[in-house]
Amino acid sequence: MNAPDSTSSLDFIRSIITEDLKANKNHGTIHTRFPPEPNGYLHIGHAKSICLNFGIATEFGGLCNLRFDDTNPIKEEEEFVESIKKDVRWLGFDWEDRLYYASDYFDQLYKYAVQLIKNGKAYVDDLTPDEIREYRGTLTEPGRESPYRTRSVEENLSLFERMRAGEFKDGSRVLRAKIDMASPNLNMRDPVLYRVLHAAHHRTGKKWCIYPMYDFTHGQSDSIEGITHSLCTLEFEDHRPLYDWFVNELKIFAPQQIEFARLNLSYTVMSKRKLMKLVEGGHVTGWDDPRMPTISGMRRRGYTAGSIRNFCERIGVAKRESMVDMALLEYSIREDLNKRVRRVMAVLRPIRVVIDNYPEDRAEYLDAENSPEDPGMGSRKLPFSRVLYIERDDFREDPPKKFFRLAPGREVRLKHAYYIKCKGMVKDEKTGELIELHCTYDPKTRGGWSDDGRKVKGTLHWVSAAHSIEAEVRLYDHLFLKPNPSDEKDGSDFKDHLNPNSLETLTSCRVEPSLADAAPGMGFQFLRLGYFCVDSVDSSTDRLVFNRTVTLRDTWAKIEKRQKSQMPGKRKKAA
RNA sequence: UGGGGUGUCGUCAAGUGGUAAGACACGGGCCUUUGGAGCCCGCAUUCGGAGGUUCGAAUCCUCCCACCCCAGCCA
């Protein structure tokens, strides 16, 4: 087992567990579970819970179950259980043979309900949904008891049996716990245990027409599975007394529910409802759109499972509601990809460069290391010839201060190749648009080294025009312009803050020939540009499509931004 | 106005009476055939506020303030 490092601090949950272990609670065993409802796709917020539950299990030598909380057949689908299983596995976790469904316990849950009725702790209520709400009272006023609350055990037993037999219409009757209509905790005001729902369930089919509520299912399912620590999010704090009430009344094994804060990430939204709106409103292409915070979207974007796990470790676990900076997620994926991925060259916005003193019919192959981080990744041959492409941004006719890329008369290095010097430009006579650059190369600088000690400030990436391959590249940016788009207090709708430029598609990019057989999902660093991966949906051998996972840290962009913002007043530095 | 929670750097987050960890971000420097990576330095005299206890308080007490959650036959 991989016990937590005693020198590093533990989060409050791991501290509790450490204490429980010390006290030999539950005979020193730890058993957790990840309990999604199969009604949608998993997102990065779920990843936090997955890493917590599975992580704790392995760290403390325990077990973690995967359990589908499928008690509402109207919202749930088999498609979602498959995608959830796939995502959990992809994240690197294994539930082994412990795959469970709350629906597996429907028979047992029914028996529990009967037990409560027999003990006089539950009753069938004929009130309508509206009446139940009215009788519940408000936050400040106690509720009133239902006139059906005093039915005899026999009548309740018979009515509940008839509910199960399908004699009643949806909404006509419910089974309720008999607790306390005056409780300051609304969850304790005779909560509904079972409702009539004539709907087919994705697993139990038409066997049932009554379904247990979350509150009546969750704790008992935990108990049945021997879950020692039931970790859930903060909004269930008010449900804990009810959770405890059930296991206590039923006299069954009592797991401990512990609540932690859910993850919020800046520049995106996390609620299923809002993500659904993005999909349905066509603001993204689907649940796996690379801009989505879903696991499937992030996977397609090029995020690795390891980077997501590291991110989840870094953000910690606590009870205060917080908003994690997207920059931390981006740091996590850069850190991971930097170490594992090949460097290649791709020119996204090409400008033609003719090397005037390079023979027209010649091509040579230059050595290029695949990664400066890991020499073990070897090298490849890069074709060089008279006509090349470089990035349009890497040339300025009138270079600003601190710009040390190509400009008229300037010399730069082409990565792995030669020093070149800009000798001239060709522009469109009518529009004035730059068409191509004319340069000369210094044959004595092959490989990018000069033997006369001459230094050059800029190193550019490039591609040989004749040898390069055309590709489509999709550049992604934050989905929202506002750090917290969910803050709708100013009367705005979260969709008002959608970033209109969250996707930029470039169709005439040129990539080096070694990328010809790049497999879907494969990740690369496009030198000086960022990390990219082959799109797993739209890319094919005759039409390469890349997604930008994340940019590189861009110091020049920062300098340039600062220069521009300081332009209009020539502001002096404060003393 | 009921109940349950939470307030420590721009953002996360340790700290549990002995004098504010760490990470990201940010700023500066070194280095560099990626303005990448790496390395170095800086970055809370102060812990929501006010009182109090104590030799000593982010940690204990009192009062106050702010924010989040709860009135589904959703989970």
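Just so it is clear: chains get the letters A, B, ... in the order the sequence lines come, proteins before strands, and each one is counted from 1.
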> With sequence neighbours left out, what residues match A/S223 under side-chain hydrogen bond (donor to acceptor under 3.5 Å, both in side chains)?
Replying inline: none

Atom [atom1] of [X] and atom [atom2] of [N]: how far apart are they, to the nearest Å?
X      : N     : atom1 : atom2 : result
A/D325 : B/G22 : CG    : P     : 20 Å
A/R14  : B/A13 : CZ    : C1'   : 13 Å
A/W245 : B/G4  : CH2   : C1'   : 20 Å
A/Y331 : B/C24 : OH    : P     : 4 Å

Looking at [Y] and [X], is there a salt bridge between them, counting it only when a charged N and a carboxylate O are closer than 4.0 Å?
X      : Y      : result
A/R454 : A/D442 : yes
A/R162 : A/E167 : yes
A/E512 : A/R380 : yes

Could you tell me how far [M] sits from [N] if I compare only their [atom1] atoms? Round to whole Å.
N     : M     : atom1 : answer
B/A20 : B/C43 : C1'   : 14 Å
B/U45 : B/C9  : P     : 11 Å
B/U59 : B/C70 : P     : 31 Å
B/G22 : B/U16 : P     : 16 Å
B/A57 : B/U8  : C1'   : 14 Å
B/C40 : B/C31 : C1'   : 11 Å
B/C41 : B/G51 : P     : 39 Å
B/G42 : B/G56 : C1'   : 30 Å

Is [X] close enough to [N] that one of its side-chain N or O atoms is under 4.0 Å from OP1 or OP2 there?
X      : N     : result
A/R320 : B/C12 : no
A/R413 : B/U34 : no
A/S9   : B/A21 : no
A/R343 : B/G36 : no
A/K319 : B/C12 : no

> How would nucleotides 70-75 of chain B be written as a contact map, 5' to 3', with B for base contact, S for sugar-phosphate-only contact and - for no contact, using protein heavy atoms under 4.0 Å?
Replying inline: BBSBBB

Who pairs with [N] - Watson-Crick or G-U, where each distance is under 3.5 Å:
N     : answer
B/U54 : none
B/U6  : B/A66
B/G17 : none
B/G38 : B/C30

> To the nearest 0.5 Å, how far apart are CD1 in A/I13 and CZ in A/F260?
Replying inline: 6.0 Å

> Atom CZ in A/F494, atom CD in A/E488: separation rounded to 0.5 Å?
Replying inline: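 One gets 7.0 Å once the value is rounded to the nearest 0.5 Å.
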
> Considering residues, nucleotides and ligands other than A/E235, do more than 12 of their heavy atoms fall under 6.0 Å from its CD?
Replying inline: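 Counting neighbours around CD of A/E235, more than 12 heavy atoms of other residues, nucleotides or ligands fall under 6.0 Å, so yes.
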
Once you apply a heavy-atom cut-off of 4.0 Å, does [X] come out as touching a base, just sugar-phosphate, or nothing?
X      : value
A/I74  : nothing
A/V317 : sugar-phosphate
A/E259 : nothing
A/F403 : base
A/K455 : nothing
A/I315 : sugar-phosphate
A/T555 : sugar-phosphate
A/K415 : base
A/K457 : nothing

> So which one's nearest nucleotide on RNA chain B is more toward 5', A/K48 or A/N338?
Replying inline: A/K48

>> Just confirming the chi classification of B/G72, syn or anti, using 90° around 0 as the syn window.
In response: syn

Of the listed nucleotides ([options]), which one gets closest to any side-chain atom of [X]?
X      : options             : answer
A/L328 : B/A13, B/U11, B/A23 : B/A23
A/M323 : B/G35, B/C12, B/A37 : B/C12
A/A327 : B/C24, B/G27, B/G35 : B/C24

Expected output: side-chain [X] to main-chain [Y] donor-acceptor under 3.5 Å:
X      : Y      : result
A/D11  : A/V317 : no
A/H198 : A/F168 : yes
A/S146 : A/D125 : no

Check if the side chain of [X] and the base of [N] share a donor-acceptor pair of N or O atoms closer than 3.5 Å.
X      : N     : answer
A/E373 : B/G36 : yes
A/R405 : B/G35 : yes
A/R314 : B/U11 : no

